[in-house]
Amino acid sequence: MKKKKRALITGITGQDGSYVAELLVRKGYEVFGLVRRSSNDPFVRLKELIRERKITILYGDMRDSGAIRRALERAEPDEIYNLAAQSDVGISFMCPEEAGEINYHGLGRLVHAVLDGRLRSKIYQASTSEMFGSAKPPQNENTPFQPVSPYGVAKLRAHEDYVVGYRKKYPDLFICSGILFNHESPRRGQHFVTRKISISLAKIKLGLQDYVELGNLNARRDWGYAGDFVEAMWLMLQREKPADYVIATGQVHTVRDFVNETAKALDMHIAWSGSGTREVGKTEAGKVIVRVNKKFFRPVEVDHLLGDSGKARRELGWKPRVSFEDLAAMMAKADLEAVASENK
Ligand code: NAP
Ligand code: F7E
């Protein structure tokens, strides 16, 4: 009988971690997840797979070299998906050390544990379009990086030192980066703008909230569906030689567009008036349901991210399946159902 492939996922409790775990279980992998201790239940998304023993949880933090080493000894992974991160860009301005410690040094600890243990594990690193920062769009693998946030800087250092740099230094090490543009889903953390919009409009629709306050409505992002993007991670690790790939939809929209699309999916059409911090979004009945609050602006903003994933399409055969409109509708519907059932 063919031996089952084994994978270790760091960040398995996050949005992408849960989708990768499900994808690998479907593909017949033995899946291990590194999880840090939490005072809350971190396993909401994967309860069933853990109960059925399809996923094994190993406790450990990306700040703890010993725990990472022990997790590797236990999992003996063919593939490692390094998804653990302090992934909130806004918060990284307030806690820059944390971003460096987890997003940069965390990868260093993991890579050194693989090298020290003489493991043959292939490593996927979760890089990000935030590394492009203020670079002119569209951005691809040849675009010079210009990060503007501590999050983007930490991810870029990890990419340059431990992915690109170590690939040259250690020719036997298989490490690759997916430079992923924003990807969302009903499992997206509630502080990210898309999910904040889908939950808030669902509550407004059900009469449980009056309005939502947002920051920069003009920020432009290339938003895709997380379920599509994790397929690209897996494809990268199936290559014989490691390489880095931009993963994006190639479509750009503003935050305001995401509000409009979500509202449309909930049968709530919004009319905009005013400008800057005085801009408001009103219902057809004239009720203000979207306001702008300076509190949600970043110290430095990334204005325009639009990815060119031509290399991934050509070499991996990857392409996104879910459109912007379907993504907004999927999130709106999921939140409407969840909020309604919580408030029954
Ligand atoms: P997420 O939902 O915020 O998940 C982050 C995961 O990292 C969580 O499981 C979190 O655990 C874990 N983590 C944080 N600090 C840790 C530590 N010190 N030790 C161990 N685990 C730790 O992020 P995501 O959206 O799934 O993104 C996955 C990865 O892709 C991240 O590296 C992110 O930076 C990167 N990325 C995301 C996007 C995107 O649009 N989603 C785009 C480009 C790159 P807790 O549950 O305990 O907090
Ligand atoms: O912001 C603007 C905000 O926090 C998107 C992470 O997964 O993707 C994500 O980072 C845009 C920004 O995501 C609000 O200023 C307006 O321009 O949803 P976000 P992000 O910063 O793009 C990248 C690729 C990652 O790698 C990260 O890990 O929306 N915006 N008003 C707002 N943003 C938030 N959070 N809240 C607002 O009220």
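Just follow the structure's listing: the first ligand is 1, and inside any ligand the first atom is 1. Since the model is a prediction, treat every value here as computed from it, not as a measurement.
Checked for salt-bridge contact, R70 and E73 miss the test: no charged N lies under 4.0 Å from a carboxylate O. Under a 4.0 Å N-O distance rule, the pair E79/K122 does not qualify as a salt bridge.
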Quiz item: Can I123 and F174 be said to form a side-chain contact (heavy atoms from CB on, under 4.5 Å), step by step?
Solution: CA-CA 6 Å; I123 306 171; F174 187 114; over 6 Å; no
Quiz prompt | Criterion side-chain contact (heavy atoms from CB on, under 4.5 Å) on K47 and I50, from CA distance to verdict | solution = CA-CA 5 Å; K47 269 209 160 72; I50 294 169; over 6 Å; no
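The nearest heavy-atom contact from the protein to atom 34 (O) of ligand 1 is Y151 OH, 2.5 Å. L180 O, 3.2 Å is the protein heavy atom nearest to atom 43 (C) of ligand 1. Looking only at heavy atoms of the protein, atom 30 (O) of ligand 1 is closest to A126 CB, 3.4 Å. Among protein heavy atoms, the minimum distance from atom 2 (O) of ligand 1 is reached at Q15 N, 3.0 Å. In terms of protein heavy-atom proximity, atom 31 (C) of ligand 1 is nearest to L83 O, 3.1 Å. A84 CB, 3.5 Å is the protein heavy atom nearest to atom 21 (N) of ligand 1. The shortest contact between atom 39 (C) of ligand 1 and any protein heavy atom is with H183 CE1, 3.2 Å.
Contact analysis puts R188 in contact with ligand 1, with a non-hydrogen atom separation below 4.0 angstrom. In this structure, D61 is part of the shell of residues with a heavy atom less than 4.0 angstrom from ligand 1.
Only the side chain of K155 comes within 4.0 Å of ligand 1, judged by heavy-atom distances. Counting heavy atoms under 4.0 Å from ligand 1, residue D16 touches it through both backbone and side chain. Of all the heavy atoms of R36, the ones lying under 4.0 Å from any atom of ligand 1 belong exclusively to the side chain. Residue-level proximity to ligand 1 for S127 is carried by the backbone, the only part with a heavy atom below 4.0 angstrom.
Of all atoms in ligand 1, listed by their number and element, those nearer than 4.0 Å to a heavy atom of N182 are 40 (O). Listed by number with element, the atoms of ligand 1 under 4.0 Å from a non-hydrogen atom of I102 are 15 (N), 18 (N). Distances below 4.0 Å separate heavy atoms of T128 from the following atoms of ligand 1: 43 (C), 44 (C).
Using a 30° and 60° split on the angle between ring planes, F324 and H253 fall in the parallel class, below 30°.
Comparing heavy-atom distances from atom 5 (C) of ligand 1 across G33, S185, G11, A85 singles out A85 as nearest. In this comparison of G14, S87, G60, the heavy atom closest to atom 23 (O) of ligand 1 sits on S87. By heavy-atom distance, the residue among E184, M62, M233 lying nearest atom 20 (C) of ligand 1 is M62. Of the candidates I12, T13, L34, the one placing a heavy atom closest to atom 10 (C) of ligand 1 is T13.
Checking side-chain atoms of S18 against main-chain N and O of Q15 turns up a donor-acceptor pair under 3.5 Å. A donor-acceptor distance shorter than 3.5 angstrom exists from the side chain of D78 to the backbone of R6, with no hydrogens or angles considered. A side-chain donor-acceptor contact under 3.5 Å links D228 to the backbone of R321. With hydrogens and angles ignored, the 3.5 Å screen pairs no side-chain donor or acceptor of T128 with any backbone N or O of M131.
Judged as a side chain to side chain contact (heavy atoms under 4.5 Å, CB included), and not counting sequence neighbours, the contacts of R220 are V252, T254, H304. Remark: S92 pairs with Q86, A99, S149, P150, Y151 by the side chain to side chain contact (heavy atoms under 4.5 Å, CB included) rule, at least two apart or across chains.
Closest approach of S177 to S127, counting heavy atoms only: OG-OG, 2.6 Å.
The cationic atom of R195 (NZ for Lys, CZ for Arg) does not lie both less than 6.0 Å from the six-membered ring centre of F192 and within 45° of the ring axis.
Among residue pairs with one or both ends in residues 280-290, none qualify as side chain to side chain donor-acceptor pair (under 3.5 Å); sequence neighbours excluded.
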List ligand 2's nitrogen or oxygen atoms that come under 3.5 Å of a protein nitrogen or oxygen, with the partner atom and distance.
unit_1, atom_1, unit_2, atom_2, d
ligand 2, 1 (O), R298, NH2, 3.4
ligand 2, 4 (O), R298, NH2, 2.8
ligand 2, 7 (O), R188, NH1, 3.2
ligand 2, 7 (O), R188, NH2, 2.9
ligand 2, 8 (O), N182, ND2, 3.1
ligand 2, 15 (O), E301, OE2, 2.7
ligand 2, 17 (O), R221, NH2, 3.0
ligand 2, 17 (O), E301, OE1, 3.0
ligand 2, 17 (O), E301, OE2, 2.9
ligand 2, 18 (O), V193, N, 2.8
ligand 2, 21 (O), R298, NH1, 2.8
ligand 2, 21 (O), R298, NH2, 3.3
ligand 2, 22 (O), N182, ND2, 2.8
ligand 2, 22 (O), R221, NE, 3.0
ligand 2, 26 (O), T128, OG1, 2.6
ligand 2, 26 (O), Y151, OH, 2.7
ligand 2, 28 (O), S87, O, 2.7
ligand 2, 28 (O), Y151, OH, 2.8
ligand 2, 31 (N), G215, N, 2.8
ligand 2, 35 (N), H191, O, 2.9
ligand 2, 38 (O), K196, NZ, 2.7

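Taking the six-membered ring wherever Trp is involved, the centroid distance between the rings of Y162 and Y104 falls below 6.0 Å. Between F181 and W223, the distance from one ring center to the other does not fall under 6.0 angstrom.
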